[in-house]
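Computation of the quantities below employed the complete heavy-atom set of this structure, encompassing side-chain atoms and omitting hydrogens, waters and symmetry-equivalent molecules. Counting from 1, the numbers follow the sequence of the chain as shown.
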Amino acid sequence: MSAPEVPGDAYGDADRGDLSGDLRSVLVTSVLNLERLDEDLFRGGRHYWVPTSQRLFGGQIVGQALVAAAKSVSEDVHVHSLHCYFVRAGDPKVPVLYHVERTRTGASFSVRSVKAVQHGQAIFICQASFQQMQPSPLQHQFSMPTVPAPEELLDHEALIDQYLRDPNLHEKYRVGLNRIAAREVPIEIKLVNPPTLSQRRTLEPKQMFWVRARGYIGEGDIKMHCCVAAYISDYAFLGTALLPHQPKYKVKFMVSLDHSMWFHAPFRADHWMLYECESPWAGGSRGLVHGRLWRRDGVLAVTCAQEGVIRLKPPVSESKL
């Protein structure tokens, strides 16, 4: 899945050197590393991080499916979109098999269909489209939001540590935060507007955070950066739809139904990118979220969309708020 190298300066991340001696990202060496079993048939690697729901993390399935699809196309084409459906819960105790169908190979665009299977049943289906590079003068994009640089913000671990040092922190929050801190998540996150644990105000269904893969990936493999971004894009994404409702409701069940991505410009997934998430609608036990991944230099690199099932527990009484 190699591709021509592009200058590292284009991605802007001066705080991080591109030294090959850096720790190689586990997302490349393990999580998204597939074993080829036969022509267009692959087996997924280690389930590195499993959510508290004990279902497979959707981002890992999306990322691995895109790896499988990318192995069936030539080096001179690049992924420009993918559209996925989660059809059954993934079992974290067994590997996932990925079968690729070469739907079409054209002069400009190629389409690959991927089916992920466990226990003899499809758990996930995906179509990925690849394009030959085709420059055009027709270009525009939204403007990147103005936010503090990642160097000015606390990382996830430091933020949790700050919460835990609060002597007034309720014990139920302390237990939950310690559980979160113990997770091995292969990405780094810095919230732009971190919440206070005591806040009970209604929040807008919007959030922004800086995100990047832990460890070193390198410049040359553009398709792999897209696969890592697919993994990253599902993290905390659907939760954006819960932000206006958190003071009143607790989640009983939340799972992704579908996930789509469009790749606009080259980027480095091991460099900081701003993930801008918003939920324009929720209803009927479903929530819709949109996302944009921005490079530090203001280039819109990726657009995402997802819908998921959100089922809630009975409302918390006002006396308990």
Side-chain angles (χ1 to χ4, degrees), residues 51-53 55 57-59 62 82-86 141-148 150 153-156 159-160 163 173 176-177 180 185 187-212 229-262 264 272-294 298 300-318 320-321:
T52 55
S53 64
R55 296 165 175 261
F57 174 49
V62 177
L82 58 87
H83 304 277
C84 317
Y85 282 94
F86 299 90
Q141 67 163 58
F142 285 175
S143 296
M144 179 178 174
T146 301
V147 299
L153 301 170
L154 294 176
D155 61 28
H156 214 223
L159 185 61
I160 290 174
Y163 289 151
Y173 292 129
L177 287 169
I180 293 171
V185 181
I187 56 178
E188 298 178 75
I189 293 174
K190 293 190 176 186
L191 297 176
V192 172
N193 292 302
T196 61
L197 292 177
S198 59
Q199 69 184 16
R200 293 296 179 185
R201 61 186 176 87
T202 299
L203 297 176
E204 280 192 288
K206 297 180 180 181
Q207 62 175 338
M208 290 187 288
F209 49 91
W210 291 99
V211 63
R212 68 181 178 186
Y231 181 99
I232 289 173
S233 68
D234 193 38
Y235 191 83
F237 194 25
L238 188 55
T240 309
L242 294 174
L243 295 178
H245 313 287
Q246 282 181 331
K248 191 175 182 181
Y249 297 99
K250 291 186 178 295
V251 176
K252 178 181 180 181
F253 178 81
M254 183 169 69
V255 64
S256 303
L257 288 171
D258 55 43
H259 190 87
S260 296
M261 300 180 72
W262 296 264
H264 312 307
W272 287 118
M273 293 188 292
L274 179 68
Y275 200 7
E276 179 188 12
C277 307
E278 59 185 3
S279 175
W281 175 88
S285 295
R286 305 193 317 274
L288 177 67
V289 287
H290 294 161
R292 290 183 282 270
L293 277 165
W294 299 89
L300 179 59
V302 186
T303 298
C304 312
Q306 185 180 102
E307 190 176 45
V309 173
I310 304 175
R311 297 195 176 120
L312 304 173
K313 295 179 181 178
V316 179
S317 66
E318 293 295 328
K320 295 181 179 180
L321 291 178

Flag side-chain contact, heavy atom, 4.5 Å: [X] against [Y]:
| X | Y | value |
| --- | --- | --- |
| Leu154 | Pro194 | no |
| Asp155 | Lys190 | yes |
| Pro145 | Leu274 | yes |
| Ile187 | Tyr235 | yes |
| Glu278 | Arg292 | yes |
| Leu191 | Leu153 | no |

Exercise for review: Please check if atom CG in Asn193 has more than 12 non-hydrogen atoms from other residues, nucleotides or ligands closer than 6.0 Å.
Suggested key: no
**Study point:** More than 12 heavy atoms from other groups under 6.0 Å of OH on Tyr85
**Key:**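 No, not enclosed.
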Quick check: closest heavy atoms across [X] and [Y], and the distance to 0.1 Å?
| X | Y | value |
| --- | --- | --- |
| Tyr275 | Cys304 | OH-SG, 3.8 Å |
| Lys313 | Val251 | CE-O, 3.7 Å |
| Pro205 | Thr240 | O-CG2, 3.4 Å |
| Phe237 | Ala305 | CE2-C, 4.1 Å |
| Val62 | Ala230 | CG1-CB, 3.7 Å |
| Val309 | Leu238 | O-CD2, 4.4 Å |

[X] side, atom [atom1]; [Y] side, atom [atom2] - distance, nearest 0.5 Å:
| X | Y | atom1 | atom2 | answer |
| --- | --- | --- | --- | --- |
| Leu242 | Leu203 | CG | CG | 11.0 Å |
| Gln306 | Ser260 | CD | OG | 9.5 Å |
| Glu307 | Trp281 | CD | CH2 | 5.5 Å |
| Cys277 | Met208 | SG | CE | 9.5 Å |
| His290 | Glu276 | NE2 | CD | 12.0 Å |
| Asp258 | His83 | CG | NE2 | 10.5 Å |

Check your understanding: Ignoring hydrogens and geometry, is there a side-chain-to-backbone donor-acceptor pair from Ser279 to Leu288 under 3.5 Å?
Key -> yes
Review point. Is the backbone N or O of Gly239 less than 3.5 Å from a side-chain atom of Gln207, with the two atoms forming a donor-acceptor pair by type?
Key: no
**Study point:** Qualifying residue, where the test is side chain to side chain contact (heavy atoms under 4.5 Å, CB included) with Glu188 and the options are Phe209, Trp210, Trp272
**Key:** Trp272
Review point. Which is it for Ser256 and Asp234 under the side-chain contact (heavy atoms from CB on, under 4.5 Å) test, yes or no, and what are the steps along the way?
Key: CA-CA 9 Å; Ser256 303; Asp234 193 38; 3.7 Å; yes
